[in-house]
There are 2 protein chains.
Amino acid sequence: MKTPLAGHGPLYRQVHELIVARIVDGQWQPGDLLPSEFDLADEFGVSQGTVRKALNTLAAENLVVRHQGKGTFVAAHTPQRELFHFFHIEGADGARQMPVTSRLLATTNRRASRDEADRLDLPANGHVFTIERIRDLGGRPVIWERIVLPARMFVGLDQLDELPNELYQIYEEFFGVTIHRAIEELRAVAAERAEARHLGLTAGAPLLEVDRLAETVDGTPVEWRLSRCDTRAHHYLSEIV
Amino acid sequence: MKTPLAGHGPLYRQVHELIVARIVDGQWQPGDLLPSEFDLADEFGVSQGTVRKALNTLAAENLVVRHQGKGTFVAAHTPQRELFHFFHIEGADGARQMPVTSRLLATTNRRASRDEADRLDLPANGHVFTIERIRDLGGRPVIWERIVLPARMFVGLDQLDELPNELYQIYEEFFGVTIHRAIEELRAVAAERAEARHLGLTAGAPLLEVDRLAETVDGTPVEWRLSRCDTRAHHYLSEIV
DNA sequence: TTCAAAAAATCTTGTATAAGAGTTATAAGA
DNA sequence: TCTTATAACTCTTATACAAGATTTTTTGAA
């Protein structure tokens, strides 16, 4: 099936954007095998090298995964990848292999607050699901977090029996929502009484607050996650190259 | 001049490593113009495309900067680049264009503490220069920081009349020390009396501590920078893709 | 004859070469 | 100042081979 390119700019960019569009509009799902370079080149009427350049760019952006001999797959979330890629808290010795478990405190299904609507680009009467839980690292409570999700994109989430520790695979498989990028703002705040109690601290103790907004490929904000972390024995790692 | 490749693995990787080695051992200095793709291909006895792949990888690693029509240059620090790339504190409205200025509190030239020697891989009797200062953002004190540098790599630093706000260009131009990568560990801590006073806070107020170790291309740790930031009106930004 | 294992063939990405055209940047000359 | 020439990267195409994975075919044993 031929799909001649009709856009502007370098061909490899047009191929890149066309592939992104197919991923975004659901024609290719996470984990799907894309056609081979040769087949895509034939379909788009460009050289194999041009397709390869587009695919290599997509791979650099973590939108696809390429395996020699197997093919090119739309990137998909796994719990391991989420922990490795999206979780930046580690122990004092750089340990990132400690068990991360979660204890659910509460869930709600309610109208969004003004802040929530603002952060998630919801209409004023929009609904959200919220999840409040404690994350234990190596068996100890380290993080209190509240996750806010647009209800219309996660229909049925409140009826799931169990929520796993890592949620991004669930968003993807059950709701077709794939997290692609997260912006985090970090601050030091004083612990409030409720979270202090959960984390074994006194009110007023310093906590590292991580305010995350997670987006899909097309930039739609789909998760607001506020985490408050006890950094007595852990820290947030950031690498700048 | 011909320099046939003599290593193992893909040719583009060998070219990459040979170029890195020349940068590390000072044959090519920050800001230097590298030979053209065509000339390098001739020197190493590989195709231009192979050189290109190596250079593109180097560019992706921020070791070189490529300009069409001009050439490929060894990356060099500027104050603007340091602020843009290595400085992650921004205002509540996402502002990163606010003036960043510094007020020097103290400098020392002394024997390294055990922690300092450990962090900077110094011998037990190694000497360090330290710089303690306050950084003002938009005219307000926001960050207290202490910078620890191995004295043997920064001979004469303590005799400079003025230290600019951004130091990495100075490290590079005066001492031949180029910062390539920084690892930062972030924690929330309670303000101690001295830094609280400088930042206009009360002792015990939560501060965001950024513990940075900066390294050169070959992995040598050359700067330990401990910053304590008032995050009432600012935050540390981190993006995950 | 059937089934399982091994070998061969095929597919697909990764590496490499070669060449040409286009675009951008700069310097020199009119 | 404008135009032209030169330098150098960027984009594109084509081709070939290596390496890894999967599928198909062949062979041998039960």
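Reminder, nothing fancy here: chain letters follow the sequence lines and each chain counts from 1.
The base of C:dT15 sits within donor-acceptor range of the side chain of A:R52, with an N or O pair under 3.5 Å. Judged by distance alone, with hydrogens and angles left aside, A:R66 brings no side-chain donor or acceptor close enough to the base of C:dG14 to form a pair under 3.5 Å. A donor-acceptor contact under 3.5 Å links the side chain of A:Q68 to the base of D:dA19.
Residue contacts shown for A:Q48 include a base, since a base heavy atom lies under 4.0 Å away.
Listed candidates were D:dA8, C:dA18, C:dG14. Nearest to the side chain of B:S36 is D:dA8. Side chain of A:Y12, nearest nucleotide from D:dC11, D:dT13, C:dA16: D:dC11. Listed nucleotides D:dT13, D:dC11, C:dT15 differ in distance to A:K53; the shortest reach to its side chain belongs to D:dC11. Side chain of A:K70, nearest nucleotide from D:dA21, C:dG14, C:dA18: D:dA21.
Annotation: of the two residues near DNA chain D, A:P10 and B:L34, the 5′-most nearest-nucleotide partner is B:L34.
The CD atom of B:E37 sits 15 Å away from the C1' atom of C:dA16 (whole-angstrom rounding). Between B:F44 atom CZ and C:dA16 atom C1' the separation is 16 Å, expressed in whole Å. D:dT22 atom P lies 10 Å from atom NE2 of A:H67, rounded to whole Å. Distance, B:L55 CG to C:dA16 P: 14 Å, rounded to whole Å. Following rounding to the nearest Å, B:L33 (CG) and D:dC9 (P) show an atom-to-atom distance of 8 Å. The nearest whole Å value for the distance from the CG atom in B:L11 to the P atom in C:dA18 is 12 Å. Computed from coordinates, the A:F73 CZ to D:dG20 C1' distance equals 13 Å when rounded to whole Å. For the pair B:F38 CZ and D:dT6 C1', the interatomic distance rounds to 15 Å; values are reported in whole Å.
Shown here is A:R140, whose CZ atom has no more than 12 heavy atoms of other residues, nucleotides or ligands within 6.0 Å.
In a base pair of the Watson-Crick type (N1 to N3 plus N6-O4 or O6-N4) or a G-U wobble (N1-O2 and O6-N3), with each distance short of 3.5 Å, C:dT12 is matched with D:dA19.
With B:L55 as reference, B:T72 is the one residue of B:L63, B:T50, B:T72, B:V15 to meet the side-chain contact (heavy atoms from CB on, under 4.5 Å) rule. Considering B:F86, B:F174, B:F84, B:F175 in turn, B:F86 is the only one that fulfils the ring pair (Phe, Tyr, Trp, His ring centres under 6.0 Å) rule with B:H77.
Contact check, A:T50 against D:dC11: no side-chain N or O comes under 4.0 Å of OP1 or OP2. OP1 or OP2 of C:dT12 has not a single side-chain nitrogen or oxygen of A:T72 nearer than 4.0 Å.
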* Would you check, one step at a time, whether the test ring pair (Phe, Tyr, Trp, His ring centres under 6.0 Å) holds for B:Y168 with B:H85? => CA-CA 11 Å; B:Y168 289 175; B:H85 195 62; over 10 Å; no
* To do: Would you check, one step at a time, whether the test salt bridge (Lys or Arg N to Asp or Glu O under 4.0 Å) holds for A:R135 with A:E166?
  => CA-CA 11 Å; A:R135 308 201 80 179; A:E166 312 310 328; 2.9 Å; yes
